[in-house]
Amino acid sequence: MGAENRYRLLGAIFFGGLAGPVALLFGLQISSASSVSLWLNMELVFTALLGHFLFKDYLGKPGWLGSTGVIVAAILLTLGEGIAGIKAGLFVGLACLFWGLDNHFTALIDEIPPSANTFFKGAVAGSVNFVIGLLFSGYTANWGITSLALLLGFFSYGLSIVLY
């Protein structure tokens, strides 16, 4: 694999697999899951804006309008949570920015198939995030729950990216 694609893969692993999930968890600690789920729509906004400003993609009026609508709607729908909702929005926004970078790096990798990309992200980022979780809270799940979580991750993350 060429150096350019190695850097893209490392960027995808770091931003999409490590930094994004950690920022998301900080947001989840201070706000409700429903508020955070609304903020998660900003991933498409950041992907579009990064594409426009950094990767020279075209973003027309409908794209600008849609991106603005997503941000305004998330703000309006989370105002009831007060400052906690806004703070969570900042953390989740940061996670979405990281995932926007991940989306672009992943799209630019042209020497390995999506299944290999997914494997590397899962092996590296998944292992590091698992260790971070162990350090902060310990391991309390039984093997049945662990098996179900791995199965869910396989279908909702791994298989979906391979099929995409």
Side-chain angles (χ1 to χ4, degrees), residues 1-31 33-59 63 66-67 70 74 88-164:
M1 181 182 333
E4 221 173 65
N5 279 317
R6 274 196 301 270
Y7 291 131
R8 291 172 181 156
L9 180 59
L10 287 173
I13 290 170
F14 176 78
F15 289 112
L18 297 170
V22 170
L24 174 64
L25 289 176
F26 279 115
L28 279 168
Q29 284 184 331
I30 58 177
S31 189
S34 60
S35 174
V36 168
S37 70
L38 294 169
W39 287 112
L40 283 171
N41 289 307
M42 288 194 305
E43 181 181 351
L44 85 99
V45 174
F46 279 112
T47 300
L49 294 177
L50 286 167
H52 178 77
F53 290 112
L54 294 182
F55 298 96
K56 308 302 180 218
D57 292 338
Y58 175 74
L59 186 62
S67 296
V70 167
L90 294 175
F91 281 116
V92 177
L94 185 61
C96 290
L97 172 66
F98 294 152
W99 288 323
L101 287 166
D102 169 31
N103 292 338
H104 285 285
F105 287 138
T106 299
L108 293 171
I109 298 171
D110 57 5
E111 292 181 35
I112 61 172
S115 56
N117 181 13
T118 303
F119 172 78
F120 289 126
K121 275 188 190 177
V124 176
S127 299
V128 171
N129 287 333
F130 181 69
V131 170
I132 290 171
L134 288 176
L135 291 174
F136 281 97
S137 66
Y139 188 75
T140 58
N142 62 40
W143 285 107
I145 297 294
T146 301
S147 299
L148 289 173
L150 290 171
L151 188 64
L152 176 65
F154 170 78
F155 283 104
S156 64
Y157 180 71
L159 195 58
S160 69
I161 287 180
V162 170
L163 293 175
Y164 175 73

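- Note on residues 91-109: pairs passing salt bridge (Lys or Arg N to Asp or Glu O under 4.0 Å), not counting sequence neighbours, are D102-K121.
- The side chain to side chain contact (heavy atoms under 4.5 Å, CB included) test applied to L135 returns V131, not counting sequence neighbours.
- Around atom CZ of F119, no more than 12 heavy atoms belonging to other residues, nucleotides or ligands sit under 6.0 Å away.
- Closest approach of V36 and A88 over heavy atoms only: CG2-CB, 4.3 Å.
- How far OG of S147 is from CG of N142: 8.5 Å, rounded to the nearest 0.5 Å.
- For E4, the CD atom counts as loosely surrounded, since its 6.0 Å shell holds 12 or fewer non-hydrogen atoms of other residues, nucleotides or ligands.
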Report, one line per pair, each donor and acceptor closer than 3.5 Å where one atom sits in a side chain of residues 9-20; sequence neighbours left out.
none

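- The shortest side-chain heavy-atom distance between N5 and I112 does not fall under the 4.5 Å cut-off.
- S31 OG to L90 CG: the interatomic distance, rounded to the nearest 0.5 Å, is 11.0 Å.
- By the side chain to side chain contact (heavy atoms under 4.5 Å, CB included) test, L148 pairs with no residue at all, sequence neighbours left out.
- Qualifying ring pair (Phe, Tyr, Trp, His ring centres under 6.0 Å) partners for F26, counting only residues two or more places apart in sequence or in other chains: F91.
- Going from atom CG of L151 over to atom OG of S156 covers 9.5 Å, rounded to the nearest 0.5 Å.
- Sorted by first and then second residue, the pairs that involve residues 46-58 and meet side-chain hydrogen bond (donor to acceptor under 3.5 Å, both in side chains), not counting sequence neighbours, are T47-N103.
- One finds the CG atom of L25 at 8.0 Å from the CG atom of N129 (value rounded to the nearest 0.5 Å).
- Residues L40 and W99 meet the side-chain proximity criterion, which asks for heavy atoms closer than 4.5 Å.
- Between the CE atom of M42 and the CG atom of L94 there is a distance of 9.5 Å, given to the nearest 0.5 Å.
- The two residues W39 and C96 come nearest to each other via the heavy atoms O-SG, 3.9 Å.
- At a threshold of 4.5 Å between non-hydrogen side-chain atoms, the residues L49 and L59 count as touching.
- Annotation for I109 and R8: closest pair CG1-CB, 3.6 Å, computed over non-hydrogen atoms.
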